[in-house]
Structures are given as structure tokens and as C-alpha cells.
S.K.: 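Just passing along the structure, written as C-alpha cells.
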Amino acid sequence: MTDSPVRVRFAPSPTGYLHVGGARTALFNWLYARKTGGTFVLRIEDTDQERSTDAHTRVILEGLTWLGINWDEGPYFQGAESPRHRADAERLLASGRAYRCFASAEELDAERKLAVAAGRPYRYERARWALSPEEEARRLAAGDPFVIRFAVPDAELAWEDAVHGRISFQGRDLDDFVILRSDGSAIYNLAVVSDDIAMRITHVIRGDDHVSNTPKQIALYQALGAALPVFAHVPMILGTDGKKLSKRHGATAVGDYQDQGILPAAMRNFLALLGWSPGGDREVLTGEELVGLFSLEAIQGKPAVFDTAKLEWMNGQYLSHTGADELLPPVMRQLDRMGVGAKGRDVRALIDAAKARSRTVLQLAEQVAVRLDASRIVLDEKAEKLQKKMGPAFGASLTVAAGALEALTPAEWTPDRLLEAVKHAAETHGLKLGDAMQPVRVALTGGTVSEPVNELLAVVGRDESLARIRAAMARTQDAAPA
RNA sequence: GGCGCUAUCGUCUAGAGGCCCAGGACACAGCCCUCUCAAGGCUGGUACACGGGUUCGAAUCCCGUUAGCGCUACCA
């Protein structure tokens, strides 16, 4: 089994967007495939006709692609495999491992309700619904609807889980579950096993919520005469309140993070570290390192809380270390959305100026926009406070700065010369460097935080910088009491 | 209720019997650097759920308790 080439699969059902939990499961499968030189198969489990949509399928594929998770085979659609599912059910029926059950859903529901009302656990009893051969033949001939149930063996159903170690269930604790509906379509557990066998899947890496399906599936593999794959059940992802991550917790879809300006590489790195650790103190890892270090056994057995603050920190790390060329497309897209044109400027220089102080592409684009377009300047709280605190000195500083800067020719408008000029002006007027710089920063950006002021001036440009300083001077004069 | 999984700082985790009166990262506080902030550096607080064993020795092994989570459908 384990000596045959590794084949793993990610099998989402297209009934919603690509959840971060699903994305992480996909990532683990992908990492394992890449690590072992195996094959990563994508299978869409669209057998729930009611809830599955093509739009969801598309979003899932886009999400995976965005994360850089590429698949080697597929996407296959489970719905197309129903003839094989049915054939497998028939085989089980023929071999006596499964049987027809004529109990209707209504009858069963009624019994269940009764049991619950009486406060006792409900169990499906095989004997309770058993029919004599004659009776079964009669109802079959009459065309009565029936489902096919799997006769769960009274035996231990155990496996060596790659993340949890040995897990064991007793067959007698499991009900005879339905494998084929009365309309002839397969139920999940049969469909999955049938597909995984047909696709020669060697390692089933999936969410923890499938642990209790596994004994049923193992019994099915055995009854179908197929070798068992290795199972690896990865724990759930929780919200900050310790509950399973859901819409209530805000962003849960991969697309949400894309919209918030998270870089795919950062998202991938963060997701990989959620429930898995390479050991030691490593945090920021390249895709290659992730692949090289990955192992199923190092996956954590307990659920992990999704910490947005750490994601953003991680994203900031990537933002700082990613070149402007690479950041240009997402920033341009965002500027576009904001309705800000590049005006023939080299946006890459602006990206380099602002990326170290941004945690998301959104923040970065906002900073680029301010440097591009004066109309986006809005005094923030700290800037207001500074201006108030400095009083007339604020305007005076600007006047000093303007004087020194105007003396510079366009050719002299370089970071070095700018720093020199401002320093000199500050000295001659007895100003502290900070008192000379901060008002300029506020005039140029509306905030008290930015790259060094001389670099800011250089990147905004001579005419534009001077215009912004003059505008700020005018503004402070208006605000000053008569 | 039954069955199963899990249990180290607020969060992500390192730790596979002595190296641990528990290490790193995020977050938080302070300091340094500095025109501001970020980055970087330094410092600080906070954790082995509880109770029994086993052992010369337990965060690490065993049992129990408690808690959280999952499953318990003609959903996937």
C-alpha cells in the first residue's frame, strides 16, 4: 500500500465558498503530494443536488489557484460516477454484505421521535425491519421503494491514524447505514469509498469531523475487497471564542482575505502553521521550505484558533520582503477600485516607500494613493493633535521648510539634498529636527507616520510637495484665531 | 444519552522521562535606535486542566475526573 506512488485528493462539496478550513486541508494534501512526489487529485463532491452550484465550484477552484495550490488530476465530478456507485452497492448486495430495507423515511423518523421523546437513544435495529424472503420478494415485485443498507460487521474497526495514532471503534456501536437511496443514488460514505478506490487514493487527508465516518468506510473497503488507504485526520479551525469557525466570526472564506489585501504566500504560510509545526522556532517559510519540512505526523491533534492578528503580522513580513514589481499588480487593482489613477508615475517607487509600514495590500494602496493624489489627504487624529499642540509653530515650521525647499532646483530634489536642506534650515532657525519634519509629514500625507521625510518629499515630487505645504500653510492660517 | 477525538502562556506552538522552577512567535508593556512610524535589538508578565499511579526522576508513560469539540440523517 504505502510503497505504491502517493495519490491524495481534496474533495470539497460545492455548497459554499472555500473555507479557510477547507483551504488548509487542501494545502496539507498538496504539501504531502509535493513532498512525496505524489499526485494531487481534485474531486468535486456535487452529489447534494440541492445545495451544489457551479458558481461555488468556480469560487473554490479560484481560491485554490490563488493560494498556489495546483492539482495534477481533475477536477473530477462525483455526480458523474453514480453508475459505479450503484454497481458497488449491487455487488455488496449480491455478496450479502448489504441488504434491502423497505422501512420508509417517515416510519424511521416517527420511531426516532418516539425514542427521543422517551429520553432513550435511538438505534436502527436490523431485526426490527427484517422481512421474510417471501415478503421481500412480494414487495420487490410490487415495486415498493427501498434503500440498500450496509450490514455493519460486529467486529473491531480500527486504523493507525497518521496524526492521531491508533483509533478504534466497535462495529456494534454503529447502525447499519444507508449506502443507496431509494432513488438509486449513493450516500456519501459509499460514494467516497467507491471513488477513492477507483482513483487509487493512497492517503486520505481530511477534516477531523470525518473520524466517525472512518470505521464505516473501513468496513466498506473490506467488504469491497480493497486495500485501506492511510487516514490522516486534521483538527478543526476554531474562532477566537473557541467555537468552530463560522460566519459569525467574520471573514472565513479565502476570498475574504484576498479582498482584505492578504498576499497568497502569507496566507499559505499562515495556514500551514495552523495545526502543523516544522519543529524548532521557524515561522516564516518559503513554499519550498514548507514542502521540504512537511510531515503528516507533525500535525497537531487538537483544534487551533484562527488568529487574524498573527495573519496580518505574517502578511506584513511578506509585504516588506516582496519586491515592488510583484506588488504592483495587486496594488494597481486596488487603486483602480479606489478610483485613483497613476498619472504616469512609477507606482513601484511609491510601493517601495510605503510597503514596510503596511500590513495589508489595502493599507499599502491607501498610502500609495495619498502620495499620488492630494485630495486623499485627511488629517488623522494624531496629526490634528500635533497641529493643535504646536499652535503657530506649526505654520512657522512649514514656512521655514518651504523656503528651504523652494531654493532647490528640480535636479537637486534628491533624498540626500533634501535632508541636507531641511537640516540646515532647522539649524539656522533654531528648530529641532523633529519640529521641522513633522509638520511637513502632516502636510504631505495627513498623518504623523511615514517613511523618512526627505524620502517622502522625493517620492511625492517637487511641485506637488511644495503645493501641499502651501496648502497646509493656508489651512493653518485659516484655522488660526484672528 | 452513546461513540470518538483533544487537553503547555490570551493565541499559534517547541517539547518524543532527566538538557525545562518549560523555549520561540503573535499580541501587550517598557527601553534602545530614530525627524515620526514600521523594521530591528533588549527587557518584562502570563502556561504544563485536575486527581491518582509507574519511576531514583514526568509537561512527557498509565488510569480516572473535568472541560471543549466532532459524529450519531434516504447531508457531505
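Just so you know, these numbers use all the heavy atoms, side chains as well, and skip hydrogens, waters and symmetry mates. Numbers restart at 1 for each chain; the letters A, B, ... are given by sequence-line order, proteins then strands.
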S.K.: Is it the case that A27(B) (base atoms only) and Lys310(A) (side chain only) share a donor and an acceptor within less than 3.5 Å, ignoring hydrogens and angles?
M.R.: no
S.K.: Between G64(B) and G2(B), how many Å separate the two P atoms, rounded to a whole number?
M.R.: 15 Å
S.K.: What interatomic distance, in whole Å, is found between P of A38(B) and the corresponding atom of C31(B)?
M.R.: 13 Å
S.K.: What is the separation between atom CZ on Arg371(A) and atom P on C37(B), rounded to the nearest whole Å?
M.R.: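 Computing the Arg371(A):CZ to C37(B):P distance gives 16 Å.
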S.K.: Name the nucleic acid region contacted by Ser13(A), choosing base, sugar-phosphate or nothing; use a 4.0 angstrom heavy-atom cut-off, strictly under.
M.R.: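 Result for Ser13(A) = sugar-phosphate.
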S.K.: Does the gap between the ring centers of Tyr257(A) and Phe306(A) come in under 6.0 Å?
M.R.: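 Judged by ring-centre distance (under 6.0 Å), Tyr257(A) and Phe306(A) do meet the cut-off.
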S.K.: Closer than 3.5 angstrom, by distance alone: can the side chain of Arg43(A) be matched with the main-chain N or O of Gln78(A) as a donor-acceptor pair?
M.R.: no
S.K.: Mind checking Ala103(A) for me? I need base, sugar-phosphate or nothing, with any heavy atom below 4.0 Å counting as a touch.
M.R.: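 Ala103(A): base contact, heavy atoms under 4.0 Å.
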S.K.: Run the ring-centre check on His210(A) versus Tyr188(A) and record whether the distance is less than 6.0 Å.
M.R.: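 Ring centroids of His210(A) and Tyr188(A) are less than 6.0 Å from each other.
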S.K.: Within the pair Gln317(A) and A25(B), is there a side-chain N or O less than 4.0 Å away from OP1 or OP2?
M.R.: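 No, outside the criterion.
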S.K.: With the threshold set at 4.0 Å, does a side-chain nitrogen-carboxylate oxygen contact exist between Arg475(A) and Glu384(A)?
M.R.: no
S.K.: Which part of the nucleic acid, if any, lies within reach of Val453(A) when heavy atoms closer than 4.0 Å are counted: base, sugar-phosphate only, or nothing?
M.R.: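 It contacts base atoms.
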S.K.: Would you say that Phe231(A) contacts Arg206(A) through its side chain, given a criterion of any heavy-atom pair below 4.5 Å between the two side chains?
M.R.: yes
S.K.: Base, sugar-phosphate, or nothing for Glu451(A), non-hydrogen atoms under 4.0 angstrom?
M.R.: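 Base: the residue Glu451(A), judged by heavy atoms under 4.0 Å, touches a nucleobase.
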S.K.: Tell me the interatomic distance from Tyr188(A), atom OH, to A73(B), atom P, rounded to whole angstroms.
M.R.: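 Rounding to the nearest Å, OH of Tyr188(A) and P of A73(B) are 16 Å apart.
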S.K.: Taking for each residue the nucleotide of RNA chain B with the nearest heavy atom, is it Ser212(A) or Leu311(A) whose nucleotide lies nearer the 5' end?
M.R.: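 Its nearest nucleotide being more 5', the pick is Leu311(A).
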S.K.: Under 4.0 Å, counting only non-hydrogen atoms across every strand here, what does Asp435(A) touch: a base, just sugar-phosphate, or nothing?
M.R.: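 Answer is nothing: Asp435(A) stays at 4.0 Å or more from every strand.
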S.K.: Between atom CD1 in Ile60(A) and atom C1' in A76(B), what is the gap in whole Å?
M.R.: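 Whole-Å distance recorded here is 12 Å.
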S.K.: Atom CH2 of Trp313(A) and atom P of C26(B): how far apart are they, to the nearest Å?
M.R.: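 Going from CH2 in Trp313(A) over to P in C26(B) covers 5 Å.
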S.K.: Base, sugar-phosphate, or nothing for Phe169(A), non-hydrogen atoms under 4.0 angstrom?
M.R.: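 Counting heavy atoms under 4.0 Å across all strands, the contact made by Phe169(A) is with sugar-phosphate only.
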S.K.: Ignoring hydrogens and angles, answer whether the base of C74(B) and the side-chain atoms of Ser182(A) contain a donor-acceptor pair closer than 3.5 Å.
M.R.: yes
S.K.: Can you tell me which nucleotide in C37(B), A76(B), G24(B) comes closest to the side chain of Val449(A)?
M.R.: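 Looking only at side-chain atoms, Val449(A) lies closest to C37(B).
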S.K.: Report the distance from atom CZ of Arg172(A) to atom P of U72(B), rounded to the nearest whole Å.
M.R.: 21 Å
S.K.: For the C1' atoms, the ones on U55(B) and on G23(B), what distance do you get once it is rounded to whole angstrom?
M.R.: 26 Å
S.K.: Check this one for me: any side-chain N or O of Lys382(A) less than 4.0 Å away from OP1 or OP2 of C37(B)?
M.R.: no
S.K.: Please measure how far the C1' atom in G44(B) lies from the corresponding atom in A27(B), and state the result in whole Å.
M.R.: 14 Å
S.K.: Can you find a heavy atom in the side chain of Arg24(A) that is under 4.5 Å from one in the side chain of Trp276(A)?
M.R.: no
S.K.: Is Gly275(A) touching bases, backbone alone, or none of the nucleic acid, heavy atoms closer than 4.0 Å?
M.R.: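 Sugar-phosphate contact only - Gly275(A) comes under 4.0 Å of backbone atoms but never of a base.
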S.K.: Could you give the distance separating G18(B) and U34(B) at their P atoms, to the nearest angstrom?
M.R.: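 Those two atoms are separated by 46 Å.
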S.K.: Send over the distance from His210(A) NE2 to G4(B) C1', rounded to a whole Å.
M.R.: 15 Å
S.K.: For nucleotides U6(B) and U65(B), find the distance between their C1' atoms and express it as a whole number of Å.
M.R.: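 Comparing C1' positions in U6(B) and U65(B) gives a spacing of 15 Å.
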S.K.: Check whether the side chain of Arg441(A) and the base of C35(B) form a donor-acceptor pair under 3.5 Å.
M.R.: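 Indeed, a donor on one side and an acceptor on the other fall under 3.5 Å apart.
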S.K.: Please figure out whether Ser277(A) or Arg123(A) has its closest RNA chain B nucleotide nearer the 5' end.
M.R.: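 Residue closer to the 5' terminus by nearest nucleotide: Arg123(A).
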S.K.: So, are Arg462(A) and Glu412(A) salt-bridged, with charged N and O less than 4.0 Å apart?
M.R.: no
S.K.: Between A22(B) and G45(B), how far apart are the P atoms? Round to whole Å, please.
M.R.: 10 Å
S.K.: Measure from CZ on Phe306(A) to C1' on A27(B) and round the result to the nearest Å.
M.R.: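 Result: 16 Å.
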S.K.: Write down the distance between CG (Leu457(A)) and P (C35(B)), rounded to a whole number of angstrom.
M.R.: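 Atom CG in Leu457(A) sits about 15 Å away from atom P in C35(B).
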S.K.: In whole Å, what separates the P atom of U11(B) from that of A16(B)?
M.R.: 23 Å
